[in-house]
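Have a look at the structure below, then the notes.
Whatever order the structure lists ligands and atoms in, that order sets their numbers, starting from 1. Here, residue 1 is the first one in the sequence, and each next residue gets the next number.
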Amino acid sequence: MAMPQAVKIVEVGPRDGLQNEKEFVPTTVKIELVNRLAAAGFRNVEAASFVSPKWVPQMADGAVVMAGIERRPGTIYSVLTPNMRGLEGAVAAHADEIVIFGAASEAFSQKNINCSIAESIERFVPVAQAAKEKGLRVRGSVSCSLGCPYQGEVPVASVVDVVERFAALGCDEIDIADTIGVGTPKRTREVFAAVTQVFPRERLSGHFHDTYGQALANIYAALQEGIEIFHASVAGLGGCPYAKGATGNVATEDVLYLMNGLGIETGIDLAQVVEIGDFISTSIGKPNVSRAGKALLAKARSEKSTCV
Ligand code: HMG
Ligand code: MG
C-alpha cells in the first residue's frame, strides 16, 4: 500500500492534553492555545469537552472556551459529548464536530463513561442523530483499540465490532485509539488492516498515546496501511484520567517532523507549533516532552543569541 501524500493532523492538546491537569488551567490560556493552533494551520482542533464536571473537572469551562475563541473559517472545532446533555452544550457552543467516545474493552467503558459498550452505543444513537440533524460532523473514538489497562489484551474482533457499530450511527470519522500507548507497529497494522475492511480507510484515524515510546513507530505502521488522519498533542501534553500511568498523546511537533521528513504534506507550520509547545508548557508549568520541539527550540534560541 502506497503511503499517503498528505495527511490531516488533528490537534487534541486543548482537550486530551489538558483534561488530566490537576491544577485548573485558566480559561484564557485554553482560549489562546486553541487560537494559536488554528493560526498555525490545523484544519481540526479538539477544543473542549461537554462531559460531567464531576468526572473531569478540568473541562468544566468548555462553553466559555468555545465562546471565547476566534473561529477561523474552514477550521473544524471538535468537542466531546458523552450524552444528550453534552450534545446540547455542543450545539449551543456552535461546535463543528462532536465526538462520541466508546471503548473496545468493557472494563474501560465502565470506568470512563460508567456503562457497558452496548449501553454506550444506545446512548450515542440519539446523540449522533441529533448532531446530524443540526448539520454537525460526528466522530467516534474507540478507546483501548490496542490494549486495555484493566483487561489487558483486546481482540481485534472487538475493535472491528465497535467500528461497525459507530459506522451504523453515521460517524464521519472513526478514531482507533491506543489509550495507554501499549501498541506496537505489528499490532497497529493488524488492527488497521481489519478495520479498513469495514470502514473507509480515508475516514479512519490513528490516536496514539506514547506511554511505551511506540507512537511514532505506530504512526509509520498506520501510514503503511494508508491511514491519512492522525491525532497529536502539542508538547506531548496529557494522560487519561481513567488510564493510570498513561502518558500524553504523541507530541505534535514530533509527528510534523516525521511527516516533513517523509515529504508528506500537513499544511501546518512546524516552527509555529514549536513556539506553541513552549507557550503551553510554560503556562501550565509542565515539561515539554516533544523531542523535536525541544531540539528546535534550543536551535532557534542559539541562533538568536549568536545573531545579536
Ligand atoms: P454518570 O455519573 O453515570 O451520569 O456519568 P449521570 O447522568 O448520573 O451524571 C452525573 C452528574 O453529571 C449529574 O450531575 C449530571 O447532571 C452531570 P448531578 O445531578 O450529580 O449534579 N452530567 C453532566 N454535566 C455536564 N455535561 C454533561 C453531563 N452529563 C451528566 N454532558 C457520564 C456518565 C458519561 C456523564 C460521565 O461518565 C462522564 O462525563 N464521563 C466523561 C469521561 C471523560 O471525559 N473521559 C475523558 C475523555 S475520553 C478519552 O480521553 C479517550 C480518548 O482520548 C481516546 C483514547 O485515547 O482512548 C477520546
Ligand atoms: Mg486519548
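Residue M59 does not touch ligand 1, judged by heavy-atom distances below 4.0 Å. Of the heavy atoms in S143, both backbone and side-chain atoms come closer than 4.0 Å to ligand 1. The side chain of D16, and not its backbone, has at least one atom closer than 4.0 Å to an atom of ligand 1 (non-hydrogen atoms only; side chain from C-beta on). At a heavy-atom distance under 4.0 Å, no atom of R139 approaches ligand 1. Heavy atoms of V12 found under 4.0 angstrom from ligand 1: none, in either backbone or side chain.
Under a 4.0 Å N-O distance rule, the pair D278/R301 qualifies as a salt bridge. Using a 4.0 Å cut-off between charged nitrogen and carboxylate oxygen, R187 and D178 do not count as a salt-bridge pair. R165 and E122 are not joined by a salt bridge, as no carboxylate oxygen comes within less than 4.0 angstrom of a charged side-chain nitrogen. The pair K286-E21 counts as a salt bridge, with a side-chain nitrogen and a carboxylate oxygen less than 4.0 angstrom apart.
Distances below 4.0 Å separate heavy atoms of L80 from the following atoms of ligand 1: 47 (C). Listed by atom number, the atoms of ligand 1 under 4.0 Å from S141 heavy atoms are 54 (C), 58 (C). Atoms of ligand 1 found under 4.0 Å from any heavy atom of I113 (numbered from 1 in listed order, with element): 33 (C), 34 (C), 37 (O). Proximity to N114 (heavy-atom distance under 4.0 Å) selects the following atoms of ligand 1: 1 (P), 2 (O), 3 (O). For ligand 1, the atoms closer than 4.0 angstrom to any heavy atom of R123 are 34 (C). Counting atoms of ligand 1 from 1 in the listed order, those under 4.0 Å from a heavy atom of P82 are 34 (C). Listed by number with element, the atoms of ligand 1 under 4.0 Å from a non-hydrogen atom of P53 are 24 (N), 25 (C). Interface atoms of ligand 1 facing H209, defined by a heavy-atom separation under 4.0 Å, are 56 (O).
Around atom 11 (C) of ligand 1, the closest heavy atom drawn from S49, S52, G86 belongs to S52. Counting only non-hydrogen atoms, the option in W55, F50, F108 that gets closest to atom 5 (O) of ligand 1 is W55. For atom 29 (N) of ligand 1, the nearest non-hydrogen atom from the set N83, V51, V127, N20 belongs to N83.
Here the straight-line distance linking atom CG of D254 with atom CE of M259 works out to 11.5 Å at 0.5 Å rounding.
Shown are R139, R137, E173; of these, the side chain to side chain contact (heavy atoms under 4.5 Å, CB included) with V99 is made only by R139.
Side-chain heavy atoms closer than 4.5 Å link hydrophobic residues (I, L, V, M, F, W, Y) into clusters, and following such links, possibly through other members, connects F166 to M84. Under the 4.5 Å side-chain heavy-atom criterion for ILVMFWY residues, a single connected hydrophobic cluster contains both F230 and L237.
Contact between A130 and L87 at its shortest, heavy atoms only, is CB-CD1, 3.5 Å.
Both tests hold for R36 against F279: distance to the six-membered ring centre under 6.0 Å, angle to the ring axis within 45°.
Not a single heavy atom of M84 sits closer than 4.0 Å to an atom of ligand 1.
Angle NE2(H209) to the Mg ion (ligand 2) to OD2(D16), rounded to 10°: 100°.
Heavy atoms of other residues, nucleotides or ligands lying less than 6.0 angstrom from NZ of K111 number 12 at most.
Under the 3.5 Å distance criterion, the side-chain polar atoms of R201 are left unmatched by any main-chain donor or acceptor of F192.
Distance check for H207 against the Mg ion (ligand 2): an N/O/S atom falls below 2.8 Å.
Considering both main-chain and side-chain atoms, D178 never comes within under 3.5 Å of ligand 1 through any nitrogen or oxygen pair.
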